[in-house]
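Notes for the one structure printed next.
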Amino acid sequence: MLKRTDYCGELRAGHEGREVVLTGWVQRVRDIGQLVFVDVRDREGLAQVVFHADRHDLMEEAKRLRPEFVVGIGGTVRRRAAVNPDMPTGEVEVEASDLRVFAAAKVPPFVISDPPQASEELRLKYRYLDLRRPRMQRNIRLRHEAALVVRNYMSRNGFLEIETPILANPTPEGARDFLVPSRFHKGRFYALPQSPQQFKQTLMVSGFDRYFQIVRCFRDEALRADRQLEFTQIDIETSFIDRDDFFALNEGLMEALFALIGRRVERPFPRLPYSESMERFGTDKPDLRPPFEIRDLTAVAGETGSEPLRAALAAGGEIKGLLVPGAGSLSRGQLDKLGEKARELGAKGLAWIRRQGGWKSSLKMSDADLERIWGALGGAEVDLALLIADRKETALKALGEMRRTWPLEDPSRRDLLKFCWVTDFPLFEWSEEEKRFVSMHHPFTSPVEDDVPLLDTDPGKARAKAYDMVLNGVELGGGSIRIHDRTLQRRVFGALGLTEEETEGKFGYFLDALGYGAPPHGGIAFGFDRLVMFLAGEESIREVIPFPKTTGALDLMTGSPSNVGEDQLTELGLKLKK
RNA sequence: GGGGUCGUAGUUCAGCUGGUUAGAACGCCGGCCUGUCACGCCGGAGGUCGCGAGUUCGAGUCUCGUCGGCCCCGCCA
């Protein structure tokens, strides 16, 4: 057995004259007759190996090499006559004196190269080949390094990584559970955890004080570019917590993670209450890169003579405006397109104003009135004002979406890292489907003290001690200060419409635990895959997961999920319908 | 649950208002080539047009269904 001395991708001019042994996969063979060049690839990169005619036996063997053969090569590192500046190892090559073919390879269904020359479908079917691509090797390595940063950072800050069960209880709130039938107790089921929420809070009751875990979570919901059935969270919980200190801790974690890609992070992160985020950006995960935001024009518009605006006001609506810098030269067609988009987003219509070469607007209004609105928005000559008069939520949502998707006039803004905290979320939201309040975050989230009385009178108005960390319009993580008082926890369950029996059945042990001395505590959970995706500059979570499922929830490589035999079902006390 | 889009050599794609023998590039196979590095040159093989019905004298092309990929809405405490 040839024993490797160096990785292919690590050979440099300094290795000149050294006897080396390389192992790896054949990337490409260039046979030019009396001379054969073979590029050999391993996880660190490519190296060129050259076979000369004076070693006839070796060269004949080399001519039989094909892409993806696994080889070991012994030889001497030589400086190249003609340097290849496109290759990190381009200053040297290995003059072969030994060649071992460890394995031949079938012709691969696609060439291993970046960018991939195969559909994602094919890549997923032959994932083991796709993962050989340098880009995938880099992504998976980055994932490892990110996990290492998290573990080191958390441990340095006094946190213990503690494992929690994968076989847990179904939860009445939240996403659909993956169920696991119990063979010992037929008819009863475990559920895979949507998050270790109750366990980590229980660990706080047990006095572990500072917990974290890089942990797999499971949610049986539709898949997306940024969502998988199973995904990984950085789960964190601490006791006796000061919110400012906790925010700083998490900001420090981001600082450490983004240092992996050489990016500096501006701290502290700005904080904005949910209501402000909605008013200014029309979303609870604002992208702070675009340098413009939504303004309220309700008061100004009421003073104008515009019939449609006054009618919207009379109907209880509000008027919101978005001033888009430099967009004053849009064509009528483009403006019509925007109007159509606004209607798709649920607004009744979209009005616009611009002033290049005199006032122009879709609104019939006096110049004085236009001037008034323009002034309220602070518009300049080249800008474009967009107005929506509608129900407040509709107007904000539509303008927020326009803002979010507006192309940035300055491309360098795309590269900015704009973090923020969104705080004071509503505790509950009304579920039309279930005709009851449901937790916006989760049922263990503490209400803001002042709003506790609202639990009985007007639950929809109660605010929560919940927070999200948002980066460039992407939710990286969310958490809250938890309820550590048993009585308050019961009241919240009550407000959610859970009966005494349900509460006892699903959360009995937990309420009991809270009764034995629970410290004030809180925490957060980050989407680890999304973070790595951001670090890697990828558009899909599947690019940072070695073996992901398709959006149809299939594993194209293994064929999972699969059918099971009657025996196996019977043993579990299960019978398939139909 | 809903909407959009795609499916044609091994791969990535082209294929017009339905009409002769379904093309290109890359890859693959064979030959030549002593400094290549997307090597080059010459030659060759390779197709269930995802699958199933239907319309038609005739379907890769039109219709319906179905399977699969991707994106979005709902959903994702």
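In the text below, chain A, chain B and the rest are named by the order of the sequence lines, each starting its count at 1. Side-chain atoms are counted along with the backbone in the values below, which use heavy atoms only and exclude waters and symmetry mates.
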Does [X] make a side-chain N or O approach to OP1 or OP2 of [N] shorter than 4.0 Å?
X       : N       : value
R219(A) : rC75(B) : no
R542(A) : rC71(B) : yes
R30(A)  : rC39(B) : yes
T551(A) : rC70(B) : yes
R80(A)  : rU36(B) : no
S119(A) : rU12(B) : yes

Taking the side chain of [X] as its heavy atoms from C-beta onward, which of [options] lies nearest to it?
X       : options                   : answer
P109(A) : rG10(B), rG27(B), rC72(B) : rG10(B)
E93(A)  : rG68(B), rG35(B), rC75(B) : rG35(B)
P67(A)  : rU11(B), rC28(B), rC75(B) : rC28(B)

request  = State, yes or no, whether a side-chain contact exists between L192(A) and V180(A) at a heavy-atom distance under 4.5 Å.
outcome  =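 Yes. Closest side-chain heavy atoms under 4.5 Å.
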inquiry  = Within the structure provided, determine whether M557(A) and K125(A) are in side-chain contact (heavy-atom separation under 4.5 Å).
reply    =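 Side chain of M557(A) against side chain of K125(A), heavy atoms only: no contact under 4.5 Å found.
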ask   = Where does the angle between the aromatic ring planes of Y274(A) and F425(A) fall among parallel (under 30°), tilted (30 to 60°) and perpendicular (over 60°)?
value =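 Ring orientation, 0 to 90° scale: tilted.
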Distance-only donor-acceptor test (3.5 Å): side chain R28(A), base rC39(B) =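 Such a pair does not exist between side chain and base.
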query = Any donor-acceptor pair under 3.5 Å joining the side chain of Q117(A) to the base of rG10(B)?
reply =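 No.
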For [N], give the paired nucleotide (Watson-Crick: N1-N3 plus N6-O4 or O6-N4; G-U: N1-O2 and O6-N3; both under 3.5 Å), or none.
N       : answer
rC26(B) : rG10(B)
rU34(B) : none
rU5(B)  : rG69(B)
rA45(B) : none
rU55(B) : none
rU20(B) : none

key: A118(A) vs F37(A), nearer the 5' end of RNA chain B by closest nucleotide   =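 Here A118(A) is the residue nearer the 5' end.
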message = Using heavy-atom distances to pick each residue's nearest nucleotide on RNA chain B, tell me which of S540(A) and H442(A) is more 5'.
response =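 With H442(A) and S540(A) compared, the 5'-side residue is S540(A).
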key: Distance, nearest 0.5 Å, that separates CZ of R78(A) from CG of L11(A)   =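 It is 13.5 Å, given to the nearest 0.5 Å.
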request  = Hey, could you give me the CD/OG1 distance between E93(A) and T76(A), rounded to the nearest 0.5 Å?
outcome  =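 Those atoms lie 11.0 Å apart.
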ask   = Which part of the nucleic acid does A82(A) contact within heavy-atom distance under 4.0 Å: base, sugar-phosphate only, or nothing?
value =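 Answer is base: heavy atoms of A82(A) come under 4.0 Å of a base.
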inquiry  = Need one value for F110(A): base, sugar-phosphate or nothing, where a base atom within 4.0 Å counts as base even if backbone is also close, heavy atoms only.
reply    =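 The residue F110(A) makes no contact with any strand.
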message = Without decimals, in angstroms, what is the distance between E344(A) CD and rG4(B) C1'?
response =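 Value for this atom pair: 12 Å.
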Could you check whether [Y] and [X], counting side-chain N and O atoms only, form a donor-acceptor pair closer than 3.5 Å?
X       : Y       : value
Q117(A) : S113(A) : yes
T405(A) : K341(A) : yes
E173(A) : H442(A) : no

remark   = In B/S/- notation (B base, S sugar-phosphate only, - none; protein heavy atoms under 4.0 Å), nucleotides 29-34 of chain B written 5' to 3' is SS--BB
ask   = What do you reckon, are the aromatic ring centroids of F102(A) and F69(A) less than 6.0 Å apart?
value =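 No, the ring centres sit 6.0 Å or more apart.
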task = Check whether the ring centres of F444(A) and F507(A) lie less than 6.0 Å apart, and answer yes or no.
result =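 Here the rings of F507(A) and F444(A) have centres that are less than 6.0 Å from each other.
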query = In residues 462-482 of chain A, which ones come under 4.0 Å of RNA chain B, going by heavy atoms?
reply =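 Heavy-atom contacts with RNA chain B come from no residue of residues 462-482 of chain A; none.
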message = Can you check the distance between rG52(B) and rA9(B), where both ends of the measurement are the C1' atom (answer in whole Å)?
response =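 Going atom to atom, C1' in each nucleotide, I get 23 Å.
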task = Could you walk me through whether F231(A) and F218(A) pass ring-ring contact (aromatic ring centres under 6.0 Å, His included), step by step?
result = CA-CA 7 Å; F231(A) 59 100; F218(A) 306 85; 8.1 Å; no
